[in-house]
Undergrad: 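What follows is a structure written as structure tokens; I'll ask about it next.
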Amino acid sequence: MQAFTTLTAIAAPLPLANVDTDKIIPARFLKTIKRTGLGVHLFDTLRYDAAGAERADFVLNQPPYRSAEILIAHENFGCGSSREHAPWALLDFGIRCIIAPDFADIFHANCFKNGILPVRLPRAVCDALMEDARLGGNARLTIDLARQVVVRPSGEEIGFEIDPFRKHLLLNGLDDIGQTMQHVDAIDAFEAARERQQGWMPAITLG
Amino acid sequence: MPAAQPRTLFDKIWDSHVVERLEDGTCILYIDRHLVHEVTSPQAFEGLRLAGRGVRRHDATIAVADHNVPTSDRRAGIGEPESRVQVETLERNVAAFGVPYFPVLDDRQGIVHIIGPEQGISLPGMTIVCGDSHTSTHGALGALAFGIGTSEVEHVLATQTLLQKPARNMRVDVSGTLGFGCTAKDIVLAIIGRIGTAGGTGHVIEYAGEAIRALDMAGRMTVCNMSIEAGARAGLIAPDQTTFDWIAGRPFAPAGAALERAIAAWRDLPSDPGAVYDRHVALEAGAIAPMVTWGTSPEAVLPITGSVPDPDQAADEADRARLRRMLDYMGLTAGQRLEDLAVDVVFIGSCTNGRIEDIRAAAQIARGRHVAAGVRALVVPGSGLVKREAEREGLDRILTEAGFEWREAGCSMCLGMHEDKLTPGQRCASTSNRNFEGRQGPGGRTHLLSPAMAAAAAVTGRLTDVRQLG
């Protein structure tokens, strides 16, 4: 996983609430067996018309925002399906950070597994950052994960909260499985004890 | 020794599965059952392969293809190339990694959340995960069941654990008795309408109260299934005699003395008196009418007797814009009566409402009636065994004589991954779980409702109050 330390980039304003994962990447694009290549389908129905042409009014089709690496949205971003194809599509497009008042739980967890930083900030702050983002190509936001701040184009710094364990993994680009594997003795012991206590628990074996 | 703190059902399952608590409160949580399907697993198996890792517990894992399988005759194989590759990839992976698998032509094949409980694979007190948000369904058995992403699928395959922080506890009490024509689907739609689509974020919802206790297992699964539509991590219902009776005799459930020991352990699961919840919501079942969604979020729901809301009445400009967008997408105007809306398609099925009880409810309305002219109505059983049971009861004949299509098991039009999908502008009465823009096909317009309400819409050709059909 790619580490996330600091990012200075163009931010795209997407003032929508309840952006669901079907909207981020519709189910018909989930037939892939790879993690990459989904960026072209990101926000497919918002981004393209029925004939497949780009909709000029959609933010990611507009010149400065085509190279956005930060997305700013409204409440409950990423609700719905658990599909990790949603963060994969965002990452493949180039998005490394999403700022919103809150996120749906599964999507929020999925972001961290892919080196994407989800930042929770109050609605009024998100709206202010959207105004910054609307200034266009020269206006960039900086995200400093180690210091847990978003730096506005004016230089003003806004602090955000993040789970310490997730921050550690993200800063160092560490893979969860590798972390858990360091505790394999504890898992072995737990499993053995459970076997003794819950001998009734059936195994799934097919004849 | 100090008296133990009263604990909730969630607390008890959580505590008994913590392998280790890390410094910041993150827990290594042991997983009892892992259900795997073709859409969210290929990249996980690929990850294992690249890292040289194997599957830790083959005997706690079960795989099935459901999202991407055609629901027409599939003995000739899957025609659509990408769908075929995905199912074949699953078949290759389960063979290579030694994971138990129900093949597409096996009677036990079906929607992963239908077959887990049906086979007795999902049991009370367990932790159950699947790379699918509707894993919350299995909470109806009194299990902690939740959806995970593909990276977490890989994590569970490799370690049989997940890194998690505990959720907060929320209790939803539904008191009293449901009125005529009202079902579990109406209860859960009413709950989502009340708390909103993010109302349960960060929480596990325990459903309780007389109306929940009175539900059969199918109804309980419908309620827990849609917990994710309220934003909750999981939904739970305390196991009771209804649960135990339902489990007995299922293929992978314990039997005989082992079942007795299991039931003795399961009786300790219900929340202790005085257990504390972070949030509490109460509803009166008698006040719930047959519900139908009108917008593009499950929280945009009203009794069938209602009318399309007026965006101008919304609190602020962002809300007005959001509602206008919904009405525009759904092809509706403010004030329009829901009962006046003509439908093009009716879909009965999905992990929400694809069980035998749901098909019985639809058949009861369909009996002696006929699908309205110009309406396409599909019935898609949740599993091969549900299909076989329905055929044994003659429900397929009632439905096909009434003009419904009778199809093979799978996720089908719930998410429009293959040929079962809406065309732009089509209006669908659907027993599924999501009415998002494009969910059932690009431009498709979804109204969520119960199986009986869906069948009523099929025979009248418009959204209909099922209570008027008697």
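First the proteins, then the strands, lettered A, B, ... as listed; each starts at 1.
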Undergrad: Against chain B, label A:Asn110 side chain, backbone, both or neither, depending on which of its atoms sit under 4.5 Å from a heavy atom there.
TA: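 Answer is side chain: those atoms of A:Asn110 sit under 4.5 Å from chain B.
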Undergrad: For the pair B:Glu46 and A:Lys34, find out whether any cationic side-chain nitrogen is under 4.0 Å from an anionic carboxylate oxygen.
TA: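 Salt bridge flag = no for A:Lys34 with B:Glu46.
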Undergrad: At a 4.5 Å cut-off on heavy atoms, which part of A:Asp185 comes close to chain B: side chain, backbone, both, or neither?
TA: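 A:Asp185 has no heavy atom closer than 4.5 Å to chain B.
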Undergrad: Heavy-atom distance under 4.5 Å to chain B: side chain of A:Asp44, backbone, both or neither?
TA: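 Interface part for A:Asp44: neither.
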Undergrad: Considering only heavy atoms, which portion of A:Pro202 lies under 4.5 Å from any heavy atom of chain B: side chain, backbone, both, or neither?
TA: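 Both backbone and side chain.
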Undergrad: Which bit of B:Leu259 comes within less than 4.5 Å of chain A, counting heavy atoms only: side chain, backbone, both or neither?
TA: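 Interface part for B:Leu259: neither.
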Undergrad: Establish, from distance only, whether the side-chain atoms of A:Glu84 and B:Ser151 form a donor-acceptor pair under 3.5 Å.
TA: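 Per modelled atom types, A:Glu84 and B:Ser151 side chains form a pair under 3.5 Å.
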Undergrad: Pick out which of B:Glu82, B:Glu88, B:Glu80 makes a salt bridge (charged side-chain N to carboxylate O under 4.0 Å, His left out) with A:Lys31.
TA: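 Of all the options given, the one that passes is B:Glu80.
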Undergrad: What part of A:Lys23 gets within 4.5 angstrom of chain B, counting heavy atoms only: side chain, backbone, both, or neither?
TA: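 A:Lys23 touches chain B through side-chain heavy atoms alone.
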Undergrad: With a 4.5 angstrom heavy-atom cut-off, could you sort out which part of B:Arg434 is near chain A: side chain, backbone, both or neither?
TA: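 For B:Arg434, the contact with chain A is made by the side chain alone.
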Undergrad: Do B:Phe436 and A:Asn18 have side chains that approach each other closer than 4.5 Å (heavy atoms only, starting at C-beta)?
TA: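 Contact flag for B:Phe436/A:Asn18 side chains = no.
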Undergrad: Do A:His85 and B:Gln43 touch side chain to side chain, with heavy atoms closer than 4.5 Å?
TA: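 Contact flag for A:His85/B:Gln43 side chains = yes.
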Undergrad: Which atom names give the shortest non-hydrogen contact between A:Met181 and B:Ala158, and what distance separates them?
TA: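 The answer is CE-O, 3.9 Å.
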Undergrad: Where on B:His17 is there a heavy atom nearer than 4.5 Å to chain A: the side chain, the backbone, both, or neither?
TA: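 Interface part for B:His17: both.
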Undergrad: What part of A:Phe103 is in contact with chain B, defined as an atom under 4.5 angstrom from a non-hydrogen atom: side chain, backbone, both or neither?
TA: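 Contact with chain B: backbone only.
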Undergrad: Output the option from A:Val184, A:Thr32, A:Leu16, A:Thr21 having the highest count of non-hydrogen pairs under 4.5 Å with chain B.
TA: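 Answer, by heavy-atom pair count under 4.5 Å with chain B: A:Thr32.
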Undergrad: Would you mind reporting whether A:Leu30 and B:His67 have side-chain heavy atoms less than 4.5 Å apart?
TA: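 Counting from C-beta outward, B:His67 and A:Leu30 never come under 4.5 Å.
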